[in-house]
Structures are given as C-alpha cells and as structure tokens.
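Letters go in sequence order (proteins before strands), and every chain restarts at 1.
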Number of protein chains: 2
Amino acid sequence: MHSISEENYIKAIYHLQEGQALVSTNDIAGRMKTKASSVTDMLKKLADKKLAEYIPYKGARLTENGVLCANQIIRKHRLWEVFLVEKLDFSWDEVHDVAEQLEHIQSPKLTNELDKFLNYPKHDPHGDPIPDSKGNYEKYTQVALGDLEIGQQGVLTGVVNTSRDFLRYLDKHEIKLGAQIQLLEIEEFDGSCRVKSDGRELYISKQTVESLFVKIK
Amino acid sequence: MHSISEENYIKAIYHLQEGQALVSTNDIAGRMKTKASSVTDMLKKLADKKLAEYIPYKGARLTENGVLCANQIIRKHRLWEVFLVEKLDFSWDEVHDVAEQLEHIQSPKLTNELDKFLNYPKHDPHGDPIPDSKGNYEKYTQVALGDLEIGQQGVLTGVVNTSRDFLRYLDKHEIKLGAQIQLLEIEEFDGSCRVKSDGRELYISKQTVESLFVKIK
DNA sequence: ACTAATTTTTAGGTTTGCCTAAAAATAGAT
DNA sequence: ATCTATTTTTAGGCAAACCTAAAAATTAGT
C-alpha cells in the first residue's frame with residue numbers, strides 16, 4: 001500500500017499533468033506546499049514504485065499504474081463529498097478538508113458500499129465526475145455558462161472557482177448544481193448576464209458567469 | 001492536535017486502565033504490538049502533553065484530559081461502526097479495521113452530523129455504549145449471560161469475544177444484539193445452557209454463554 | 001554563444017515513531 | 001535478605017518525510 005504522503009503526491013501530479021507532457025518539480029512543490037527538494041525525494045520514490053516516470057531535471061508524469069491509483073483516490077474523495085453534502089448537511093464550501101482526510105481510508109468494500117448507498121452518483125457536489133471502481137468516468141462536454149448561445153439552456157454541473165466566498169454566494173442566491181439554467185441576455189457593457197434558473201430570473205456578473213459550467217445536450 | 005500514533009496509545013491506555021490504578025509499560029506494548037522501549041518513549045510524550053501521568057518503572061494512567069480525548073476517539077469509532085453496519089451492510093466482524101481508520105478523522109462537525117444522521121445511537125453493533133459529544137455515556141449494568149438466574153431475562157447488549165468465527169456463529173444462529181434473551185436451564189455436566197431468544201429455544205455452549213453480555217433491569 | 005537567472009538536485013540535518021541491545025530498577029523465591 | 005528473573009529504561013540506530021543551504025543543470029537574455 002501507499003502512504004498518505006505518496007497518495008497526496010500522486011493526486012497532485014495527476015491534476016497537474018492534464019495536457020502537460022511532464023510536470024515540473026516546482027509545480028508539484030507549489031501545489032503541495034512543500035519545497036522542491038522534498039518533491040525530488042518523493043519523485044525518486046514514486047519512480048522506484050513504478051507509479052511515476054521521472055526524468056531528472058526534466059519532470060515527471062504518472063505511469064498507467066499511477067493514474068489508476070489517482071483515480072481511486074479521486075473516486076473516494078468525490079464519493080465522500082457527495083455523502084457529506086447529501087446525507088450530513090454539509091455545504092459545498094465545508095466538504096473539502098474532510099474529504100481530503102477520508103480519501104485515504106483503505107477499504108475497497110467501504111468505497112463500493114458507499115457508492116451503492118449513495119446510488120452510484122456520477123458527479124460530486126462541484127459537478128466533477130466520479131470514477132467508477134475501474135477508474136472510468138463520464139467525460140461529458142462542459143461549457144462555460146457564458147459560452148451558451150442566447151436562449152440556450154443547460155444543466156449546471158460545475159464550478160471553476162471553489163473559494164468559500166464564491167460558494168456562499170451561490171448558496172445565497174440558490175444557484176444549485178443540477179439546476180436547469182438558461183442564458184437570456186448578455187449585457188454588452190459589462191459582460192453581466194440575465195439568466196433563468198428554476199423559473200427565477202436573475203442577473204449575474206461576468207465573473208460568476210465565467211466560473212460556472214453547464215452540461216449541454 | 002494529536003498524531004494517530006498518540007491517539008492509538010491513548011485508546012490502549014484507556015481500555016487497560018479500567019479498574020487498574022496504573023497501567024504497565026508491558027501491557028501497553030502487548031496491546032499495541034510494539035516493544036516496551038517504544039512505549040516508554042510515547043509515555044514521556046503523553047506526559048509532556050498532560051494527557052497521561054507517568055511514573056517511571058511504575059506505570060501510567062490518563063489524566064482527565066486524556067480520558068476526554070479517549071472518549072472522543074471511542075465515540076467516533078463506535079459511531080462509524082453503527083454507520084457501517086446499518087447503512088453500508090457491513091457485518092459485525094468486518095467493521096473493526098475500517099472503524100480503526102475512521103476514528104482518526106478530525107472534524108467535530110463530521111462526528112456530530114454523523115451522530116445526528118444515525119439518530120443518536122446509544123450503543124454500537126457490539127452493544128458497547130457510545131459517548132456523547134461531551135464524553136458521557138450510559139453505564140448500564142451488563143452481566144454475563146451465564147450469571148442470570150434461571151428464568152431471568154435481559155436484553156443482549158454485547159459480546160466479549162469478537163473473533164470472526166464467533167461473530168459468524170452468532171449471525172448463523174440469528175442471535176442478535178438487542179434481542180430479548182431468557183436463561184431457561186444450565187446443564188450441570190458441561191455448563192451449556194438452554195435459552196429462549198425471540199421466541200425460539202436454543203442450546204448454547206458454556207463458552208458462548210460466557211462471551212455474551214445482557215442488560216438487566 | 002556566453003553569462004545570468006532560474007530550476008532542480010544533492011548533502012546534511014530535524015522530528016516522529018519505531019527498533020535492538022545493554023543497563024538499571026523492581027519483584028519474586030528461597 | 002539475597003540472589004535471580006522480570007520489567008523498564010536508556011542509548012544508539014533506522015526510515016519516512018520534511019527542511020535549509022550549496023552545488024549542478026537548465027533556460028533565457030542579449
């Protein structure tokens with residue numbers, strides 16, 4: 001098995017290697033809030049364990065095994081987030097730190113039973129997809145709310161910005177994931193939008209529009 | 001906060017100090033499956049943190065603070081056990097290892113919300129009492145099934161032996177916690193008993209009788 | 001292309017929690 | 001009461017995961 005520290009590095013590399021061919025030591029250090037020298041130590045260890053390929057001075061990326069491992073951690077993280085929000089009345093902005101702890105619990109049975117208990121959710125409360133027990137997840141087309149055509153509608157599936165303030169703002173205006181949302185008008189002057197969600201019309205700022213993702217058919 | 005290792009020692013001392021004035025280094029080492037020298041190291045640290053009193057060569061016991069801490073860990077452990085059995089279809093004999101991991105998750109909100117979600121259970125699936133958020137728990141009189149008077153009845157509240165085999169045996173014979181159980185007869189010759197549980201009469205061995213606890217009024 | 005700036009690695013150190021082996025203290029037996 | 005056996009502590013080490021500071025490699029500017 002892998003230590004919690006190893007798992008955290010795996011997760012960090014996974015998120016950083018999106019697109020990138022190789023992830024730099026410094027980028028990992030930034031994300032992990034450690035020093036570059038600590039990252040070098042760990043990269044050697046992950047390479048020894050065949051979880052990452054590591055080319056000194058060039059960078060690293062996860063092997064197939066490493067990606068599999070990352071998917072399992074992310075699966076657990078996101079399932080726990082669903083649990084916290086749906087069953088224990090946590091709000092979006094409170095789940096992250098706890099899920100960060102829960103994602104390291106080792107018990108395939110626990111993970112799979114939790115998945116069943118939650119009715120095999122496909123997305124977490126932020127709209128991010130939840131990998132299944134084999135590591136596969138739904139890669140639907142997400143598009144920024146602001147990129148919809150006027151009059152077009154979609155289902156709110158995710159947020160880019162996960163700052164506490166932003167999530168509180170959404171809660172306050174009762175903008176919920178899974179809600180149908182329709183773009184009615186874009187104000188030329190400041191980029192703000194008039195949208196319709198759950199039957200209510202509301203105005204939202206350019207910044208908010210850019211932080212919301214919708215799934216379109 | 002306390003490390004996972006510290007928490008495990010606190011829990012071990014708590015369980016061992018029942019009755020005892022002081023718990024010996026060796027007893028702790030036995031329960032923790034470590035060496036006595038490691039225990040000495042940790043006792044010094046716990047004493048520094050005012051979680052235990054430690055008298056070299058004599059032994060240790062938890063301070064009031066240490067007991068409070070132990071109660072919180074036990075609270076979490078037992079709440080998670082209820083969750084696993086009631087919500088995720090785990091059986092008695094599968095919950096321990098997972099609960100052992102989950103008990104270290106740090107989030108008072110999580111613990112209290114879980115408690116609420118489970119409807120403030122008073123006992124875990126083994127019949128052990130669950131401390132409330134202040135560390136108080138119901139100390140009812142538990143008595144070994146074999147110590148009942150002939151004809152007396154009680155509610156099955158706990159098991160001493162938690163070996164897989166034993167728990168499976170109970171499941172197989174549908175002997176469940178919370179069931180009303182009445183002692184009908186003790187066989188002089190081998191100590192086995194005739195009991196009545198949930199309307200069914202069954203014979204159980206001396207060994208089993210000694211491993212079952214009942215709550216009497 | 002060569003030097004300067006940046007990035008990355010190496011070397012050596014710290015803390016936590018464990019270990020073994022030896023020394024010290026306590027408990028038990030006669 | 002003394003000697004032996006057991007328990008406990010001390011001393012010194014090891015691995016994981018972090019750190020700082022210095023050295024080495026890479027990248028970038030002109």
Engineer: In whole angstrom, give the distance that lies between atom CG of B:Leu46 and atom C1' of C:dT16.
Structural biologist: 13 Å

Engineer: The side chain of B:Thr34 lies closest to which of these nucleotides: C:dA11, C:dC18, D:dC18?
Structural biologist: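 The closest nucleotide is C:dC18.
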
Engineer: Counting only side-chain heavy atoms from C-beta out, which of C:dT8, C:dT20, C:dC18 sits nearest to A:Thr40?
Structural biologist: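 Shortest atom-to-atom distance from the side chain points to C:dT8.
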
Engineer: Honestly, is A:Lys44 close enough over A:Tyr54, meaning NZ or CZ under 6.0 Å from the six-membered ring centre and within 45° of the axis?
Structural biologist: no

Engineer: Between C:dT8 atom P and A:Leu22 atom CG, what is the distance in whole Å?
Structural biologist: 11 Å

Engineer: Side chain of B:Tyr57, heavy atoms from C-beta onward: which of D:dC18, C:dT10, C:dT26 has the nearest atom to it?
Structural biologist: C:dT26

Engineer: Nearest whole angstrom, please: distance from the C1' of D:dT7 to the CG of B:Asn26.
Structural biologist: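 It works out to 6 Å between those atoms.
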
Engineer: Please list, chain by chain and in numerical order, all residues satisfying ring-ring contact (aromatic ring centres under 6.0 Å, His included) with A:His15, sequence neighbours excluded.
Structural biologist: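 For A:His15, no residue satisfies ring-ring contact (aromatic ring centres under 6.0 Å, His included) once neighbours in sequence are set aside.
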
Engineer: Would the base of C:dT20 count as contacting B:Ser37 through its side chain, where contact means a donor and an acceptor less than 3.5 Å apart?
Structural biologist: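 Flag set: donor-acceptor pair detected.
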
Engineer: Whole angstroms only, please: what is the NZ-C1' distance between B:Lys35 and C:dC19?
Structural biologist: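 Value for this atom pair: 8 Å.
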
Engineer: Sequence neighbours left out, what passes ring-ring contact (aromatic ring centres under 6.0 Å, His included) with B:Tyr57? Give chain and number order.
Structural biologist: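 For B:Tyr57 there are no ring-ring contact (aromatic ring centres under 6.0 Å, His included) partners, ignoring immediate neighbours.
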
Engineer: So B:Ser5, base contact, sugar-phosphate only, or nothing? Heavy-atom distance under 4.0 Å.
Structural biologist: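 Sugar-phosphate, backbone atoms only, no base.
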
Engineer: Does the distance from a Lys or Arg side-chain N to an Asp or Glu carboxylate O, for B:Glu53 and B:Lys58, drop under 4.0 Å?
Structural biologist: no

Engineer: Heavy-atom nearest nucleotide on DNA chain D for A:Lys33 versus B:Leu43: which residue maps closer to 5'?
Structural biologist: B:Leu43

Engineer: If you assign B:Thr25 and A:Asp41 each to the DNA chain D nucleotide with the nearest heavy atom, which residue ends up on the more 5' nucleotide?
Structural biologist: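 Per heavy-atom nearest nucleotide, the more 5' residue is B:Thr25.
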
Engineer: Applying the side chain to side chain donor-acceptor pair (under 3.5 Å) criterion to B:Arg75, which one of B:Asp124, B:Thr111, B:Asp115, B:Asp132 satisfies it?
Structural biologist: B:Asp115

Engineer: The side chain of B:Tyr54 lies closest to which of these nucleotides: D:dT26, D:dT8, D:dC19?
Structural biologist: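 In terms of side-chain proximity for B:Tyr54, the closest of D:dT26, D:dT8, D:dC19 is D:dT8.
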
Engineer: Would you mind classifying the nucleic acid contact of B:Ser38 as base, sugar-phosphate or nothing, using non-hydrogen atoms under 4.0 angstrom?
Structural biologist: base

Engineer: Taking the minimum atom-to-atom distance to the side chain of A:Lys58, which one of D:dT8, D:dT26, C:dC18 wins?
Structural biologist: D:dT26

